[in-house]
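Working notes for the structure below.
By convention in this document, chain letters (A, B, ...) are assigned in the order of the sequence lines, proteins followed by strands, and residues within each chain are numbered from 1. What you see is a predicted model, and the numbers here were worked out from it, not measured in a lab. For the numbers below, each heavy atom of this structure counts, side chains included, while hydrogens, waters and symmetry mates do not.
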Amino acid sequence: MAKEYNFREIEQKWHRLWTERQTYKIGEDESREKFYVLNMFPYPSGAGLHVGHPLGYIASDIYARFKRQQGFNVLNPMGYDAYGLPAEQYAIQTGQHPEKTTFANIDRYREQLDKIGFSFDWDREVRTCTPDYYRWTQWAFQKMYNSYFDEALQKAQPIEKLVEKFKAEGTWPADEKAQNDLLMNHRIAFLGETMVNWCPKLGTVLANDEVVEGVSVRGGYPVEQKKMRQWCLRVSAYSQRLLDGLDTIDWSESIKETQKNWIGRSEGAEVKICLSSNPSPEGKGEMKKPLPSGGGLEEASFTIFTTRADTMFGVTFFVLAPESELVDKVTTPDQRAAVDEYLKYVKSRTERERMIDHTVTGVFSGAYGINPITGDRCPIYIAEYVLAGYGTGAIMAVPAHDSRDYAFAKHFGLPIVPLVEGADVSEESYDAKEGIVINSPVSEDKSVKYDGESLCLNGLSIKEAIAETKRFVKAHNLGRVKVNYRLRDAIFSRQRYWGEPFPVYYKNGIPTMIPEDCLPIELPQVEKFLPTETGEPPLGNAQIWAWDEVNRKIVDKKLIDEKTVFPIELYTMPGFAGSSAYFLRYMDPKNDKALVGDDVASYWQNVDLYVGGSEHATGHLIYSRFWNKFLFDLGVSKKDEPFQKLVNQGMIQGRSNFVYRIKDTNTFVSLGLKDQYDVTPIHVDVNIVKNDVLDLEAFKAWSPEYATAEFILEDGKYICGWAIEKMSKSMYNVVNPDMIVENYGADTLRLYEMFLGPVEQSKPWDTNGIDGCFRFLKKLWALYWDKDGNLALTDGEPSADSLKTLHKLIKKVTADIEVFSFNTSISAFMVAVNELGQQKCNSRAVLQALPVLISPFAPHIAEELWEAIGGEGSVCDAKWPQYEEKYLVETSVKLGVQFNGKVRFDMLFPADATPEQMIELATSAPEAARHLEGMQIVKTIAIPKRIVNIVVKPN
RNA sequence: GCCCAGAUGGUGGAAUUGGUAGACACGAGGGACUUAAAAUCCCUUGGCCAGUGAUGGCCGUACGGGUUCGAUUCCCGUUCCGGGCACCA
């Protein structure tokens, strides 16, 4: 009896031995080069792992094991993102305390992860909800509170430096409240009264990336705008560095693009527009003199932002955002009623309506502004298509070259002046930034002179015209060059229970940091942790939640006297707080003196390879880059960018199966025959379907409703229909990795997840092909044993074929792992194992290399074989083999010969043939003679080692 | 609307980055072993045409053009699917 591949026994054995021997425990080792592999850690949700979760973990584990075998000291940790909305929502849905569910879920995750055989160093596990971890989240927050962003240095600085600066400038106020307000405008973590995304259903505010199309990402509940006092992080200060950093890291173009869009840098000009003091439409020419400077100007002017400075000559009106403070100032008495009515209308519209419905609305303010370049007097409108939150909340409208301005001008019958040669603006605007400028100015007297110079852009390209206008505006003090970013500050408070408490108390309303050495401030136990629609924070229910300044501890709220005992912040931090610097904590998870020790941080530097989903592009991946840059400014983190290379694993979609019930019966008809009946498709659990064939007995047992089901079969089988859908319980298409491990083993699961296709690509989970991977492992296994179950290796000289197979494999796999092409590596293994089987190879020299090569993919079987052949230690530490070219040399090269691209045949050339010899051989070959008959050779081309082309034409 | 990525057999996907398209796997069909099943092994498998056959020919990488001796690959245009941003001036 040949020895059977008993994966259960093997996998259990090695899980035990790995734990006993601490195979995956690693430390800092200066003698070896470090490599840091990291997965985005999971939210321990209640449903447990499905087959989509391990995809990225398997990919990174393969790479980590590979790097380790290449001699690197590899850090490959895992932990849990346990605070935040998902964990809390699950607790709420199941009516349990989040602490209980979170820890139960973590245990379940751990159990599932352990079955798959990852090389995680579990001694380094972090959980964001444990006090020894979130102590450093609170610590970082306090550092941010005590820092400001120095624009000139482009880095964070201690807030004291800013105080010094204000004092030196003489702008430091005497009043403590004013001092506090002033600093609050500069702190990186600050308390701000801003419009926030308020989600009543979730009972909390949300960050911009947590809201899509006016509804919450989590749950899909409506979100409204509300002015609230909230903690914020000044992420926007880092806009330029976040943008610049993208050029230094190895991320996919699409995710960099997403971040660039999100940061939304636009370079433009701010131009000061004076109000026309002349109420009559005949007020022309009044500004044909340099702008007055100083006194009185502020009241009579506003500033617009534009990226198209070249279009100053085409301005025919100005527009203010309805929320702009200017609206009130400019509105004339006779337009007051109309404006008020319009503002009322705008207010009645939800964010969502405004986003979806783009009909043109607006109202004339009654006021006029003077275009400083042409001196023209243009009406000022108020319209909701201009946003208060971006730029200055005011624009100059150029209908000829902006589609929104165009629509507005058409609607209100305003003039449209084209400025680009050949642009036809009779039907639509010409928005492209290409062309030659005209009408700028139309005539010389339409351009205002400043210090004897007037602007003329005619004949310039648009690009040149933008630059020239910016220069002019700057030179004559009409405005300034300005860069705007779309990226907004992150709202950092949540009116929720399950998050890090803020280490802050309020002393007479002024936020004050709890001393650093008193951290962490632990989350208090409360009975009622549910959020409220009104936004009352659950921490308000905590009784022991006041700060005693003298005794430096948390005390009962009843003791609050506003003298030495003060209320503590009731909000908690959002989910992204804990996930923003966890990669640093893994380096030194047990350090109770620092987030990470300086030596340790210097050794591990940053993450070399980060693997996770692209859905975090505008959330976690922005926040953690920001957070890390801040810590870098502090000197805690050693690299400006936290994640050098990023691989985005694709989503695993569900593949649902359907049965077809004939209407009003309990009879089900197979896929191929369903069109002959009136049927209703019904989702059926994919776990009772194999290769789209329904297990009839299992189906009857699945639900009492189907116990008496009858079937119309085709070829004796019931074939199910299928569709690709989201993997979800309600579609009955969730595949649990435990079942795969149970039936095929972890090694097969690992192989199959990788074999499914490129890691980066989204694809449906389709168990149909899993047998192929299982068969491969059985064949690999069979190479090592003879009929009696004894090791079949011999020490004889391996055959040239076997050596070639082996070295081809080493070459291919080494190259493929390096570029994350795991599906093609596995294909190469399958080819190699088939070849070795056919060669009846039992040479030790060849077969001892295979366990090493396969171990990143299938570590359990690799360990077992490695042990069986007497390998030393764990296969994890076995040296990755090198291939040798000499075994790969072809004795002859098979080449295609083409005649005029139409006729071709294969022939063998000697490997060392020169191009000339190849041509000679090709043209004199008997096969060639047939094709060359009656033909004239026009041209011969020899591509070294590849192909000979002979171009012919009829004689 | 703007930006990014993509489209290859019945299916998942390969293709040394311009050089024999369809590796590998699944599924399907045929065969061997077996009382039978499972397991295992072997053969066929992009389409069409001709031939008893070995084989030969034509078409074929979403569609239409182009560059090239040669294009799945490069260029231009079109269609479709996915992702991001979106009254961002």
TODO: Apply side-chain hydrogen bond (donor to acceptor under 3.5 Å, both in side chains) to K470(A) and list each qualifying residue two or more places apart in sequence or on a separate chain.
DONE: none
Task: Candidates A15(B), A89(B), U40(B) - which lies nearest the side chain of T824(A) - done: A15(B)
Task: Y342(A) (side chain) donor-acceptor with A383(A) (main chain) under 3.5 angstrom - done: no
Task: Separation of the P atoms in A62(B) and C58(B), to the nearest angstrom - done: 22 Å
TODO: Looking at every strand, decide which applies to T392(A) at a 4.0 Å heavy-atom threshold: base, sugar-phosphate, or nothing.
DONE: nothing
Open item on the list: Dot-bracket, 5' to 3', for RNA chain B please: Watson-Crick or G-U pairs under 3.5 Å, [ ] where pairs cross earlier ones, | where the partner sits on another strand, dots elsewhere.
Closed with: ((((.((..(((......[....)))((((((.......))))))(((((....)))))..(((((..]....))))))).))))....
- [ ] Take atom P in G84(B) and the same atom in G47(B), then report the distance between them in whole Å.
- [x] 38 Å
Task: Distance between C1' atoms of U73(B) and U16(B) (Å, rounded) - done: 13 Å
TODO: Select one nucleotide: of C26(B), A89(B), C87(B), the one nearest the side-chain heavy atoms of E384(A).
DONE: C87(B)
TODO: Select base, sugar-phosphate, or nothing to describe what L756(A) touches, counting heavy atoms under 4.0 Å on all strands.
DONE: sugar-phosphate
Open item on the list: For a quick check of understanding: with a heavy-atom distance under 4.0 Å over all strands, which category does K260(A) fall into, base, sugar-phosphate or nothing?
Closed with: nothing
Open item on the list: I'd like to know whether CD of Q761(A) has more than 12 heavy-atom contacts from other residues, nucleotides or ligands below 6.0 angstrom.
Closed with: yes
Task: Proximal nucleotide (of G13(B), C26(B), A23(B)) relative to the N768(A) side chain - done: C26(B)
Open item on the list: Rounded at 0.5 Å granularity, tell me how far CG in N834(A) sits from CD in Q839(A).
Closed with: 10.5 Å
TODO: Report the nucleotide, chosen from C3(B), C41(B), C87(B), that has the shortest atom-to-atom distance to any side-chain atom of K779(A).
DONE: C41(B)
- [ ] Anything under 30° is parallel, anything over 60° is perpendicular, the rest tilted; go ahead and classify Y5(A) against F774(A).
- [x] tilted
Open item on the list: Could you tell me how far C2(B) sits from G65(B) if I compare only their C1' atoms? Round to whole Å.
Closed with: 27 Å
- [ ] Only counting residues at least two apart or in another chain, list the ones meeting ring pair (Phe, Tyr, Trp, His ring centres under 6.0 Å) with F755(A).
- [x] none
- [ ] Assign V386(A) to base, sugar-phosphate, or nothing according to its heavy-atom contacts below 4.0 angstrom with the strands shown.
- [x] base
- [ ] Identify whether any heavy atom of P758(A) sits under 4.0 Å from a base atom; if not, whether one sits that close to sugar-phosphate; answer base, sugar-phosphate or nothing.
- [x] sugar-phosphate
Open item on the list: As a test of reading the structure: which of G13(B), C4(B), G27(B) is closest to the side chain of E257(A), going by heavy atoms?
Closed with: C4(B)
- [ ] Name the closest nucleotide to the M830(A) side chain, picking from C4(B), A15(B), C24(B).
- [x] C24(B)
Task: Y385(A) side-chain proximity, nearest of A14(B), C87(B), A23(B) - done: C87(B)
Open item on the list: I'd like to check the side-chain hydrogen bond (donor to acceptor under 3.5 Å, both in side chains) partners of Y887(A); sequence neighbours left out, ordered by chain and number.
Closed with: none
Open item on the list: Please classify the nucleic acid contact of T258(A) as base, sugar-phosphate, or nothing, using heavy-atom distances under 4.0 Å.
Closed with: sugar-phosphate
Open item on the list: If you only use heavy atoms from C-beta on, which nucleotide in G12(B), G13(B), C87(B) is closest to the side chain of F755(A)?
Closed with: G12(B)
Task: Selected nucleotide, minimal atom distance to R486(A) side chain, candidates C85(B), A39(B), G13(B) - done: C85(B)
Open item on the list: Can you tell me which nucleotide in G27(B), C85(B), A14(B) comes closest to the side chain of N823(A)?
Closed with: A14(B)
Open item on the list: Under 4.0 Å, heavy atoms only, any strand: does N648(A) hit a base, just the sugar-phosphate, or nothing?
Closed with: nothing
TODO: Output all residues satisfying ring pair (Phe, Tyr, Trp, His ring centres under 6.0 Å) with W765(A), sequence neighbours left out; order by chain, then residue number.
DONE: Y752(A)
Open item on the list: Suppose we screen for ring pair (Phe, Tyr, Trp, His ring centres under 6.0 Å). Which residues come up paired with Y623(A), at least two apart in sequence or across chains?
Closed with: F576(A)
Open item on the list: For the P atoms, the ones on U61(B) and on G66(B), what distance do you get once it is rounded to whole angstrom?
Closed with: 15 Å
- [ ] Provide the distance between the two P atoms, one in U11(B) and one in G31(B), to the nearest whole Å.
- [x] 26 Å
- [ ] Rounded to the nearest angstrom, tell me the gap between atom CZ in F774(A) and atom P in U40(B).
- [x] 8 Å
